[in-house]
Amino acid sequence: MATRRDEESGHSTDVPRERAIVVGVNLPDAWLGGKGGLADLPELAQLADTAGADVVGRIEQTRPKPESATFLGSGKLEELKELVAATEATLVVFDNDLSPAQGRNLEKFLDVNVLDRTEIILDIFAKHASSRQSRLQVELAQLNYLLPRLTRLWTHLERQAGGIGTRGPGETQLETDRQLLGRRIAVLRGELKDIESTRRTQTASRDEVFKATLVGYTNAGKSTLMNGITQAGVYVKDQLFATLDATTRRVEIDERRRFLLTDTVGFIRKLPHHLVESFKATLQEVREADLLVHVVDASAEDPEHQIASVDKVLRELAPKVRSKETPIPFDKPTLMVFNKIDLVDAELFANRFSRLYPDALFVSGVDPAGGLTVRDAILDRRLGGEMIRTVRLPLTKLAALSSFHRTQSVLDQQFDGEWCRATLRLSEIELNRLLSREGAELIVD
Ligand SMILES: Nc1nc2c(ncn2[C@@H]2O[C@H](COP(=O)(O)OP(=O)(O)OP(=O)(O)O)[C@@H](O)[C@H]2O)c(=O)[nH]1
Ligand SMILES: [Mg+2]
């Protein structure tokens, strides 16, 4: 059997590659409140490969709804069993999420490990987590996922210890009961909170500086662009979820032309909810950004689908911003960047997408000029489009006006009790920043 050295985690053990069959059930879009839709077997195969399995077979089925006990219908299930035998598969991976009972039934019938989409993504995250923060975040996501599935985990581990899907806290939590798991979850939450508050103290002094944050589908080329713009030396690899930790670097050409750029974890279609929850601290970078730089892989089979998936995750994050930190809902300014343009017919592609996204950039991150184009566009957005607006600001936040005073951009200022009313010359981004971060309110005359 093929072996592979686990370079990312630095472990020197040779991990045998599993042999996987990928299975997808196409369901009507509306099934289970929008959780249906078409399966994406090429992407699932990429996920399986990143997790450490060679894909030896594929099965796809279209159904009006899943079979309740086994997800697949009985005919397809027989076909799958035969394929498992013929290919000597050790693992079956479903693109759909399985209930604990479905997983158990399938494993019993097929006599191999069965994982669903969430489990395989959690496994990749476990494998790639290297910082203390990302390890805690992954463990929290895994425990939240395992809690309702403890019984299944037991039978699963009895069959084969150490395979895909059993990495991480699985082994160490084997003897524990639900209560113990609950306690561990509370400890993890506490530790993550501590890390987050330390990070906040460290970044408080950066508040004056403009923040741009790279977001996008996994493998779109965010880290490549980050390196092109900042020489940060971030890990780049042709695999899914290469980056799990947010990295921030300062870009400074001169005193006015400067900003902070942050590289973040990639998104994916149907990102497991446990991960979004656990990675809140990492995704905080997205909430704090003045400008989102949405990187899209132009060579992807369906770039629009990827854009929609990223927007969906961003929207999931947004309500939390609105309820707590931001009294006024707002859309974050976004710069669309179509990357890997060297892999497609550039003219044809730009023609098609510039109609939908008139301000988008079309670049190649592996070409140094690509990074520079994105850098200059960020600076344009930072400095361009000034307007005059009046805001009401709590007196405790007066410091937020100091940069406007320095650049003679405060046109009028009046005090009224606990509030200051100021008329400012500012960019859209600066306005959003006052509204979202400083508790300012826009006064519409
Ligand atoms: N041909 C080509 N390849 C690119 C380009 N940009 C990035 N790549 C390649 O695409 C792969 C993924 O790049 P990354 O920068 O790691 O992508 P990412 O968005 O950071 O991915 P995650 O961290 O996994 O979410 C790497 O193999 C890069 O070398 C580009 O403009 N052209
Ligand atoms: Mg990356």
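Remember, it's 1-based here, ligands and their atoms both numbered in the order they're listed. Quick caveat: nothing in here was measured; it's all calculated off a predicted structure.
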What's the spacing between Thr218 OG1 and Leu240 CG if we round to 0.5 Å? 4.5 Å
Atoms of ligand 1 less than 4.0 Å from Ser223 heavy atoms? 15 (O), 18 (P), 20 (O)
Point-to-point distance, once rounded to the nearest 0.5 Å, from CD1 of Ile307 to CG of Leu314: 12.0 Å
Heavy-atom nearest neighbour in the protein, as seen from atom 6 (N) of ligand 1, with distance rounded to 0.1 Å: Asn339 ND2, 3.1 Å
Metal proximity, Thr218 vs the Mg ion (ligand 2), N/O/S cut-off 2.8 Å: no
Under-4.0 Å salt bridge between Arg352 and Glu304: yes
For Gly365, the atoms of ligand 1 under 4.0 Å from one of its heavy atoms are 30 (C), 31 (O)
of all protein heavy atoms, closest to atom 17 (O) of ligand 1 is Gly221 N, 3.1 Å
Using a 4.0 Å cut-off to any heavy atom of Asp342, which atoms of ligand 1 qualify? 1 (N), 2 (C), 30 (C), 31 (O), 32 (N)
Of His294, Gln306, Glu43, the residue whose pairing with Tyr217 passes side-chain hydrogen bond (donor to acceptor under 3.5 Å, both in side chains): Glu43
CE of Met387 to CD of Glu430, rounded to nearest 0.5 Å, is 9.0 Å
Quick note on ligand 1: atoms under 4.0 Å from a heavy atom of Gln239 include exactly 24 (O)
When rounded to the nearest 0.5 angstrom, what distance separates NE2 in His128 from CG in Leu244? 7.5 Å
Nearest neighbour in protein (non-hydrogen) for atom 25 (O) of ligand 1: Lys222 NZ, 3.0 Å
Which protein non-hydrogen atom lies closest to atom 8 (N) of ligand 1, naming both residue and atom, and how far is it? Lys340 CE, 3.7 Å
Taking N, O or S atoms only and a limit of 2.8 Å, check whether Ser223 reaches the Mg ion (ligand 2). yes
N/O separation below 3.5 Å, Phe241 to ligand 1: yes
When you check the gap from the basic side-chain N to the acidic O, do Glu139 and Arg135 get nearer than 4.0 Å? no
Side chain or backbone, does Asp263 bring an N or O within less than 3.5 Å of an N or O on ligand 1? no
Ranked by distance from atom 12 (C) of ligand 1, the top protein heavy atom is Asn219 OD1, 3.0 Å
Suppose we measure from atom 26 (C) of ligand 1 to each protein heavy atom; which comes out shortest, and what is that distance? Val236 CG1, 3.7 Å
Salt bridge between Lys76 and Glu79, side-chain N to carboxylate O under 4.0 Å? yes
The atoms of ligand 1 lying under 4.0 Å from a heavy atom of Gly266, numbered in the order shown, are 25 (O)
Charged N-O contact under 4.0 Å between Asp97 and Arg117: no
With a cutoff of 4.0 Å, is Met226 in contact with ligand 1, counting heavy atoms of the residue only? no
Are any non-hydrogen side-chain atoms of Val374 and Ile229 less than 4.5 angstrom apart? yes
Any salt bridge linking Arg382 with Asp376? Criterion: basic side-chain nitrogen under 4.0 Å from a carboxylate oxygen. no
Could you give the distance from CG (Leu44) to CZ (Arg269), rounded to the nearest 0.5 Å? 8.0 Å
Suppose we measure from atom 7 (C) of ligand 1 to each protein heavy atom; which comes out shortest, and what is that distance? Thr224 OG1, 3.2 Å
Regarding Lys211 and Asp290, does a basic nitrogen lie under 4.0 Å from an acidic carboxylate oxygen? no
I'd like to check which ligand 1 atoms, numbered from 1 as shown, lie under 4.0 Å from a non-hydrogen atom of Leu343. 1 (N)
Protein contact of atom 24 (O) of ligand 1 - nearest heavy atom, named by residue and atom, plus distance: Ala242 N, 2.7 Å
As an exercise, identify every atom of ligand 1 less than 4.0 angstrom from a heavy atom of Thr218. 22 (P), 24 (O), 25 (O)
Report yes or no: does Ala220 have a heavy atom closer than 4.0 Å to ligand 1? yes
Considering only heavy atoms, which of Leu225, Thr50, Val234, Thr243 lies nearest to atom 23 (O) of ligand 1? Thr243
